[in-house]
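No hydrogens, no waters, no symmetry mates; every other heavy atom, side chains included, goes into these values. Order of listing sets the numbers, starting from 1, for every ligand and every atom in it.
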Amino acid sequence: MKKGKKLYEGKAKILFASAEKNLVIQHFKDDATAFNNQKKANIEGKGILNNRISEHILSSLKEVGIENHLIKRLNMREQLIDMVDIIPIEFVVRNIATGSLTKRLGIEDGTVLKKPLIEFCYKNDELGDPLVSREHIYAFEWASVLEIDLISEQCLRINDFLQGMFKGVGVKLVDFKLEFGKRKSDGKIILADEISPDTCRLWDADTDKKLDKDRFRKDLGNVINAYQEIARRLGILHEQSNNIRPIKFSKPKAVKIKKNK
Ligand code: UDP
């Protein structure tokens with residue numbers, strides 16, 4: 001797949017034009033940021049792992065009928081995806097209280113929530129992605145009532161599926177962030193962005209050891225080993241290694257690209 005011009009560069013990913021109309025190439029970088037860009041690092045191999053983990057999760061979700069932007073993985077760092085207009089809201093789903101929820105409301109870290117909690121944050125780096133209510137979303141026309149209802153339902157379905165998937169490999173899905181967008185080709189709202197240890201909190205089921213980006217945020221060390229551990233448990237990484245070289249991945253699946261109508 002020939003890569004076209006750079007369309008957008010974010011903190012952890014770059015979007016390039018592709019040869020196909022309404023499809024773009026998503027490139028995963030090794031850059032990591034936290035605390036609204038105040039902490040930055042380059043974590044060798046992170047982009048490769050996130051590309052592979054996100055591909056695994058998004059294609060599994062597709063298999064159970066949750067539409068998303070993934071068309072196929074192209075190589076170690078890149079995926080072909082549907083072009084979407086991103087809804088400027090981060091949808092955070094929580095099963096266990098930690099992070100900003102505990103700080104904001106004084107809830108004890110590790111409190112298991114009776115049912116999943118969905119939070120809405122306005123995607124705006126300058127403002128630090130503030131928490132907003134449904135009413136803010138409607139007032140500023142970031143999304144409609146129908147769209148938020150539909151997305152919230154999908155968030156809960158995705159949570160159910162991912163909780164089960166991770167439970168099966170001895171991992172607690174503590175919380176995670178999702179983004180949705182309107183597909184350029186037909187205007188349908190679909191899941192977009194990525195689902196990876198950068199966007200989820202994942203704790204070992206027996207020890208509560210953090211296997212996600214909190215290792216970077218909190219300087220816990222062994223960031224890449226934690227991401228590798230997730231990939232290994234999901235059956236993506238075929239060996240346990242403390243050294244990121246060599247990483248052996250299974251070959252990308254041959255997927256036919258369906259032309260969008
Ligand atoms: N999250 C994310 N991107 C963001 C903010 C949060 O992927 O810009 C994820 C984060 O990894 C965690 C969940 O959303 O899995 C909830 O994050 P929280 O609000 O607790 O973030 P904190 O302020 O603690 O980083």
Side-chain angles (χ1 to χ4, degrees), residues 8-13 26 28-41 43 46-47 49-51 53-54 57-58 61 68-69 86-113 115-133 136 142 151-152 154-156 158-159 161-163 165-167 171-181 191-204 208-220 223-224 226-227 229-230:
Y8 169 81
E9 178 154 7
K11 287 173 273 187
K13 296 185 293 286
Q26 174 168 254
F28 287 76
K29 301 192 283 184
D30 284 343
D31 295 347
T33 62
F35 311 119
N36 204 17
N37 249 338
Q38 286 171 41
K39 182 170 177 170
K40 289 183 189 172
I43 302 170
K46 179 178 80 79
L49 287 159
N50 281 351
N51 181 25
I53 294 168
S54 195
I57 294 177
L58 265 55
L61 286 171
N68 59 70
H69 73 170
I86 285 284
I87 293 169
I89 301 295
E90 295 191 341
F91 298 83
V92 172
V93 184
R94 301 179 183 273
N95 298 306
I96 299 176
T98 193
S100 65
L101 175 66
T102 55
K103 288 186 202 101
R104 218 181 317 119
L105 301 178
I107 309 291
E108 196 185 336
D109 197 274
T111 306
V112 177
L113 304 176
K115 55 179 199 165
L117 176 67
I118 304 180
E119 291 177 343
F120 310 108
C121 299
Y122 177 46
K123 257 173 81 72
N124 185 316
D125 281 342
E126 275 169 39
L127 301 175
D129 298 341
L131 187 73
V132 293
S133 69
H136 289 102
W142 294 322
I151 292 172
S152 299
Q154 287 207 31
C155 285
L156 295 178
I158 294 166
N159 185 45
F161 181 83
L162 293 186
Q163 261 191 317
M165 189 185 87
F166 280 116
K167 196 171 183 182
V171 172
K172 286 184 203 169
L173 177 62
V174 174
D175 58 28
F176 57 101
K177 183 261 309 181
L178 299 174
E179 295 191 24
F180 291 81
L191 174 67
D193 195 48
E194 69 175 289
I195 302 181
S196 72
D198 264 11
T199 63
C200 301
R201 284 199 176 93
L202 303 166
W203 294 354
D204 177 79
D208 279 353
K209 182 180 169 189
K210 293 175 181 16
L211 299 170
D212 57 62
K213 196 172 150 186
D214 269 355
R215 301 205 72 81
F216 166 67
R217 293 190 188 98
K218 295 171 181 263
D219 291 323
L220 299 175
V223 182
I224 211 69
Y227 284 47
E229 177 66 18
I230 292 298

Test of understanding: given a 4.0 Å heavy-atom threshold, classify the contact between [X] and ligand 1 as side chain, backbone, both, or neither.
{"X": "Cys200", "result": "backbone"}
{"X": "Asp129", "result": "side chain"}
{"X": "Asp175", "result": "both"}

Give the residue and atom name of whichever protein heavy atom lies nearest to [atom], and the separation in Å to one decimal.
{"atom": "atom 8 (O) of ligand 1", "value": "Glu90 OE1, 3.2 Å"}
{"atom": "atom 21 (O) of ligand 1", "value": "Arg201 NH2, 3.8 Å"}
{"atom": "atom 18 (P) of ligand 1", "value": "Ser100 OG, 3.3 Å"}
{"atom": "atom 1 (N) of ligand 1", "value": "Lys177 CB, 3.7 Å"}

#### Entry: Min heavy-atom dist Thr102 to ligand 1 below 4.0 Å
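In this structure, Thr102 fails to qualify as a contact of ligand 1 - no heavy atom is under 4.0 Å.
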
### Message
Consider salt bridge (Lys or Arg N to Asp or Glu O under 4.0 Å). Of Asp31, Asp198, Asp193, which one does Lys13 pass it with?
### Response
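Checked Asp31, Asp198, Asp193 against Lys13; only one passes salt bridge (Lys or Arg N to Asp or Glu O under 4.0 Å): Asp193.
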
If you measure every N/O of [X] against every N/O of ligand 1, is any gap under 3.5 Å?
{"X": "Glu119", "answer": "no"}
{"X": "Arg104", "answer": "no"}
{"X": "Arg217", "answer": "yes"}

### Message
Once salt bridge (charged side-chain N to carboxylate O under 4.0 Å, His left out) is applied, do any residues pair with Lys40, and if so which ones, sequence neighbours excluded?
### Response
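By the salt bridge (charged side-chain N to carboxylate O under 4.0 Å, His left out) rule, Lys40 matches no residue at all.
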
### Query
Which ligand 1 atoms, with their elements, are less than 4.0 angstrom from a heavy-atom of Gly99?
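Ligand 1 atoms under the 4.0 Å threshold to Gly99: 20 (O), 24 (O).
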
### Message
Within the 4.0 Å heavy-atom shell around Asp198, which atoms of ligand 1 are there?
### Response
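Ligand 1 atoms under the 4.0 Å threshold to Asp198: 7 (O), 11 (O).
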
Keeping [X] on the side-chain end and [Y] on the backbone end, is there a donor-acceptor pair under 3.5 Å?
{"X": "Lys46", "Y": "Ala12", "result": "no"}
{"X": "Asp30", "Y": "Gly47", "result": "yes"}
{"X": "Asp208", "Y": "Trp203", "result": "no"}
{"X": "Asn68", "Y": "Leu58", "result": "yes"}

### Task
Take atom NZ of Lys39 as the centre, draw a 6.0 Å sphere, and report whether it contains more than 12 heavy atoms from other residues, nucleotides or ligands.
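Yes, the 6.0 Å shell around NZ holds more than 12 heavy atoms from other groups.
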
#### Entry: Any residue meeting side chain to side chain donor-acceptor pair (under 3.5 Å) with Asp175, in chain and number order, not counting sequence neighbours
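Scan of Asp175 (side chain to side chain donor-acceptor pair (under 3.5 Å), adjacent residues dropped) gives Arg94, Arg201.
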
### Query
Relative to each other, are the rings of Phe120 and Phe91 parallel, tilted or perpendicular (30° and 60° limits)?
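Phe120 and Phe91: perpendicular rings.
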
